[in-house]
There are 2 protein chains.
Amino acid sequence: MKPTYLTRIPAAEAHIRATGERLTQPRVAMLATLMTADHAISHLDAVDALAKHHPMDRVTVYRVLEWLVTMGIAHRIAGDDRVWRFMLTAAKPNGKANAQHLQHAHFTCNDCGQTFCLDEVSPKLPVKVPAGFKTIDVDLKLRGQCAHCA
Amino acid sequence: MKPTYLTRIPAAEAHIRATGERLTQPRVAMLATLMTADHAISHLDAVDALAKHHPMDRVTVYRVLEWLVTMGIAHRIAGDDRVWRFMLTAAKPNGKANAQHLQHAHFTCNDCGQTFCLDEVSPKLPVKVPAGFKTIDVDLKLRGQCAHCA
DNA sequence: TTGCAGATGCAATTGAGTCGCAAATCAATT
DNA sequence: AATTGATTTGCGACTCAATTGCATCTGCAA
Ligand SMILES: [Mn+2]
Ligand SMILES: [Mn+2]
Ligand SMILES: [Zn+2]
Ligand SMILES: [Zn+2]
């Protein structure tokens, strides 16, 4: 069965403590919530999901998610609806959390709107660009139908 | 020398007439403006650019650009700043305008913020996705430094 | 010309995200 | 256990791209 919010609390605390930064309740609750998500969640999704276990101000949600991104614990995905969505940064093959954003693609379902990280997919780098251009970062975004909607 | 707004009017009119839809002044002015752009422009960019030749309401700019997209004449590019930018749909090798969105990548310069279409770059398709997922569309987005800023 | 569906202008509204500041909280120190 | 001070949080106000409703205008066909 799927991991629940409560079972994720200890791991969330440990992960935050490992950063050396302050361990706060909003950070723990937000990270535990992210840990139960199988797809990327928006700020509003997060506010709703947290409402049940640990209600917090929407501005705090913005700030905590931003903090998780700067810590490399989560990453941010731009949506076609001008909304950011957030997902736990992919774990390395060895199972440890990874501070860097591993190169991977994102898939958004046209039907249900859910966005997924495709950790196993990476754009073939380097991509050829016009003379004088210097590529620093590449994002690959797929759209279509997810397994549930197809 | 670069093509100017005025020299683009006839081609813009012809292009719009070819759709069979109504030929309106805002549509002509907007398309002629797009035709002079070497990089993608935002709604605000468009309002500013048009102010000189054919001032129009912001909402009209939104609606005309949306119409150009539905006609396949222009395409829309999501920016990291939550702003849409628009560019003429790439021409086919034979020089004719193309109603479909040819598969191509976009490059945004971290320094000057300009976004360019890289018509010659396309993601290697098909991309492998998890079982049950069906890919319909692929976007490749690059970030880095453009030729002018590098 | 006239008639009218479709396009435009203008004002009001939506909604994601940000800012400033006072109050609360975490963690180090006594 | 209490004190303290730097961080973090809550709350209200704000920004800004984009959308909506509605009255007016305009391109085009009859
Ligand atoms: Mn991801
Ligand atoms: Mn393009
Ligand atoms: Zn789906
Ligand atoms: Zn540049």
Side-chain angles (χ1 to χ4, degrees), chain A residues 9 12-31 33 40-51 53-71 73-86 108 113 115, chain B residues 9 12-31 33 40-51 53-71 73-86 108 113 115:
Chain A
I9 299 281
E13 288 187 358
H15 202 156
I16 291 167
R17 226 187 290 270
T19 65
E21 302 272 309
R22 284 172 62 162
L23 180 80
T24 70
Q25 289 314 304
R27 284 173 184 175
V28 173
M30 183 77 254
L31 180 51
T33 299
I41 66 176
S42 67
H43 288 102
L44 188 56
D45 292 338
V47 169
D48 291 345
L50 286 162
H53 296 291
H54 189 109
M56 70 184 72
D57 190 80
R58 52 188 213 87
V59 178
T60 302
V61 170
Y62 280 106
R63 292 196 272 226
V64 168
L65 282 170
E66 187 184 15
W67 179 83
L68 288 169
V69 170
T70 65
M71 290 296 113
I73 296 173
H75 64 282
R76 192 193 303 263
I77 307 157
D80 291 336
D81 52 3
R82 314 194 328 128
V83 171
W84 294 109
R85 287 181 177 74
F86 296 80
T108 298
T115 296
Chain B
I9 297 283
E13 287 186 0
H15 202 156
I16 290 168
R17 226 187 291 271
T19 65
E21 303 273 309
R22 286 170 63 160
L23 180 79
T24 70
Q25 289 315 303
R27 285 173 183 175
V28 173
M30 183 77 253
L31 181 50
T33 300
I41 66 176
S42 67
H43 288 103
L44 187 56
D45 291 338
V47 169
D48 291 345
L50 286 162
H53 296 292
H54 188 109
M56 69 184 73
D57 189 80
R58 320 169 15 251
V59 178
T60 302
V61 171
Y62 281 106
R63 292 197 271 226
V64 168
L65 282 170
E66 186 184 15
W67 179 84
L68 288 168
V69 170
T70 65
M71 290 296 112
I73 296 173
H75 64 282
R76 192 193 302 264
I77 307 157
D80 291 336
D81 52 2
R82 313 192 333 125
V83 171
W84 293 111
R85 287 181 176 73
F86 295 80
T108 298
T115 296

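Atom set for the values below is all heavy atoms of this structure, side chains included, hydrogens, waters and symmetry mates excluded. To find a chain, count down the sequence lines: A is the first, B the second, and so on, and within it residues start at 1. Just so it is clear, the structure is predicted and the values come from calculations on it, not from any experiment.
Sequence neighbours left out, the pairs with a member in residues 17-26 of chain A that pass salt bridge (Lys or Arg N to Asp or Glu O under 4.0 Å) are A/Glu13-A/Arg17.
Atom CZ of B/Arg82 and atom P of D/dC16 are 12 Å apart (whole Å). If you measure from atom CH2 of B/Trp84 to atom C1' of D/dC16, you get 16 Å, rounded to the nearest angstrom. Put simply, CG on B/Leu44 is 15 Å from P on D/dT19, counting in whole angstrom units. Look at CD1 on B/Ile41: it is 15 Å from P on D/dA17, rounded to the nearest Å. Between A/Tyr62 atom OH and D/dC11 atom P the separation is 16 Å, expressed in whole Å.
At least one donor-acceptor pair closer than 3.5 Å links the side chain of A/Thr33 to the backbone N or O of A/Ala29. In this structure, A/Arg82 contributes its side chain and B/Arg82 its backbone to a donor-acceptor pair below 3.5 Å.
Between B/Leu23 and B/Val83, the residue whose closest nucleotide on DNA chain D is further toward the 5' end is B/Val83.
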Taking only nitrogen or oxygen atoms into account, show me every contact under 3.5 Å that the protein makes with nucleotides 5-10 of chain D, one pair per line with its distance.
unit_1: D/dA6; atom_1: N3; unit_2: A/Arg22; atom_2: NH1; d: 3.4
unit_1: D/dT7; atom_1: O4'; unit_2: A/Arg22; atom_2: NH1; d: 2.5
unit_1: D/dT7; atom_1: O2; unit_2: A/Arg22; atom_2: NH1; d: 3.4
unit_1: D/dT8; atom_1: OP1; unit_2: A/Arg27; atom_2: NH1; d: 3.4
unit_1: D/dT8; atom_1: OP1; unit_2: A/Arg27; atom_2: NH2; d: 2.8
unit_1: D/dT9; atom_1: OP1; unit_2: A/Thr24; atom_2: OG1; d: 2.8
unit_1: D/dG10; atom_1: OP2; unit_2: A/Asp57; atom_2: N; d: 3.4
unit_1: D/dG10; atom_1: OP2; unit_2: A/Thr60; atom_2: OG1; d: 2.2
unit_1: D/dG10; atom_1: N7; unit_2: A/Arg63; atom_2: NH2; d: 3.0
unit_1: D/dG10; atom_1: O6; unit_2: A/Arg63; atom_2: NH2; d: 2.8

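Below 30°, between 30° and 60°, or above 60°: for B/Phe86 and B/His43 the angle between ring planes is above 60°, a perpendicular geometry.
The footprint of chain A on DNA chain C, defined by a heavy-atom cutoff below 4.0 Å, extends from C/dA16 to C/dA27.
Residues passing the salt bridge (Lys or Arg N to Asp or Glu O under 4.0 Å) test with A/Asp57: none are found, sequence neighbours excluded. A/His53 is linked by a ring-ring contact (aromatic ring centres under 6.0 Å, His included) to A/Tyr5, counting only residues two or more places apart in sequence or in another chain. For A/Asp81, the salt bridge (Lys or Arg N to Asp or Glu O under 4.0 Å) partners are A/Arg85, not counting sequence neighbours.
Atom OG1 of residue B/Thr115 and atom CD1 of residue B/Ile41 lie 11.5 Å apart, to the nearest 0.5 angstrom.
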